[in-house]
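For reference, the structure discussed in these notes is given below.
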Protein chains: 2
Amino acid sequence: MAARGAAQAHQTHNHRECIEDALKRAREICAGRGAQLTPLREKVLQIVWRSHKPVGAYDVLDELARSHKSARPPTVYRALDFLMGEGLIHKIESLNAYLGCVEAGAPHSGQFLICRQCGATEEIVDAKLETALDQAAKQAHFAGERKVVEISGLCARCAA
Amino acid sequence: MAARGAAQAHQTHNHRECIEDALKRAREICAGRGAQLTPLREKVLQIVWRSHKPVGAYDVLDELARSHKSARPPTVYRALDFLMGEGLIHKIESLNAYLGCVEAGAPHSGQFLICRQCGATEEIVDAKLETALDQAAKQAHFAGERKVVEISGLCARCAA
DNA sequence: TTCGGCAATGTTACATCATAACAGCGGGGT
DNA sequence: ACCCCGCTGTTATGATGTAACATTGCCGAA
């Protein structure tokens, strides 16, 4: 399946279901790997998934603190690091914020379309773009590892 | 001219000359536009150009303060904002750091190869990659404006 | 069973990156 | 002379991220 199109889906889908799907997949993935998706980490994942907009670490913290009084910045950053390590969320570098991964499981660098108006951010998986990135690196004799691709602009809805 | 290949050039070129070229071009570009490349701004540009590694705003500040006692964070950020606005430097989002632009003049989003070992960062201008980005956005009915492309890994020298 | 190791979390403090808000200064036009 | 405006100065604070050490709880080895 290609990316569902978060920004587009945002208008139409049942988001409760969307979150539940993501959490369920996350549990399966972690179970299959022996990675420990603890209640704390799952709660953070759930918070990140509350919307299809990238969420700042301190926003996560505020939300987490409502149910988890001892939460502090390291609490959140550790959970975010774990989730990124397992490929369950991505960091959006140009916003210093975090977003649920729609292709969880297969570790990958995401490609993102970020609407500057509504904030909705869609993760895309574009093979040609992937190839172009690899070719560009290869041409420069550069061994690429992590790839950051973030396009800001206006989503279809906001442009209309 | 294609990007000179900063990371590669780093090993071979006369960097004093490289800085001078960049400053000279910057003066010409600003003069041609009526943009005010003040001594302060030029000094900041020079500091950013001291290496081909992205430099943090507070590193710029430390260096600037040696000759300019009143320098404070806003001093530096204003100069950096000006220089970015004129297309003379880029911000490397994944490092929160700034880098001289090798294609100054033509406003553009850069594409970068960042060596995680030596820090040398090469700006590339790859038409195919550009096209792939535009196509990917178009396919999602997304009106792209600003593009962030940063590939981290090992430069040819460090991989060897 | 007890102990030691280890992963997760708690806790305090701090480092790093960035901006708001207002003041002062100086040149150019009227 | 006066005002406007862009640049810089200055103080304070906001936003993002991490170091370092303490505590807890589980699990396996002796």
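Throughout, a chain's letter reflects where its sequence line sits, starting with A, and its residues are numbered from 1.
For the pair A:I92 CD1 and D:dA15 C1', the computed distance is 18 Å after rounding to whole Å. Atom CG in A:L80 sits roughly 15 Å away from atom C1' in C:dT9 (whole-Å rounding). In this structure, CD of B:E93 is placed 16 Å from C1' of D:dG17, rounded to the nearest angstrom. Rounding to whole angstrom units, NZ of residue B:K69 and C1' of D:dT10 are separated by 17 Å. If you measure from atom CG of A:L37 to atom C1' of C:dA7, you get 15 Å, rounded to the nearest angstrom.
Under 4.0 angstrom from either OP1 or OP2 of C:dG10 there lies at least one side-chain N or O belonging to A:H68. Neither OP1 nor OP2 of D:dC7 sits under 4.0 Å from any side-chain N or O of B:T38. Within the structure, a side-chain polar atom (N or O) of A:R41 is placed less than 4.0 Å from OP1 or OP2 of C:dT9. Contact between the side-chain N/O atoms of B:Q36 and the OP1/OP2 oxygens of D:dG6 is not found at any separation under 4.0 Å.
A salt bridge between A:E20 and A:R16 is absent, with no side-chain N of the basic residue lying under 4.0 Å from a carboxylate O of the acidic one. Using a cut-off of 4.0 Å between Lys/Arg side-chain N and Asp/Glu carboxylate O, B:R41 and B:E86 are scored as not salt-bridged.
Atoms OH and CD1, on A:Y98 and A:I47 in that order, are 14.0 Å from each other to the nearest 0.5 Å. The distance from the CG atom of A:L129 to the CD1 atom of A:I151 is 7.0 Å, given to the nearest 0.5 Å.
The residue among A:P39 and A:R72 whose nearest nucleotide of DNA chain C lies closer to the 5′ end is A:P39.
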Contact letters for nucleotides 17-30 of chain C, in which S counts primed atoms plus P, OP1 and OP2 and B counts the base, heavy atoms under 4.0 Å: BBBBB---------

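Nearest heavy atoms, B:I114 versus B:E150: CD1-CB, 3.9 Å.
Of the candidates C:dT12, D:dT10, C:dG10, D:dT10 carries the atom nearest the B:T75 side chain, counting heavy atoms from C-beta on.
For the residue pair B:H90 and B:E123, a side-chain donor N or O sits within less than 3.5 Å of a side-chain acceptor on the partner.
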Output side-chain donor-acceptor pairs under 3.5 Å for residues 56-69 of chain B, partner residues at least two apart or in another chain, one line each.
residue : atom : partner : partner atom : Å
B:E63   : OE2  : B:R50   : NH1          : 2.5
B:S67   : OG   : B:L64   : O            : 3.3
B:H68   : NE2  : B:S70   : OG           : 3.4

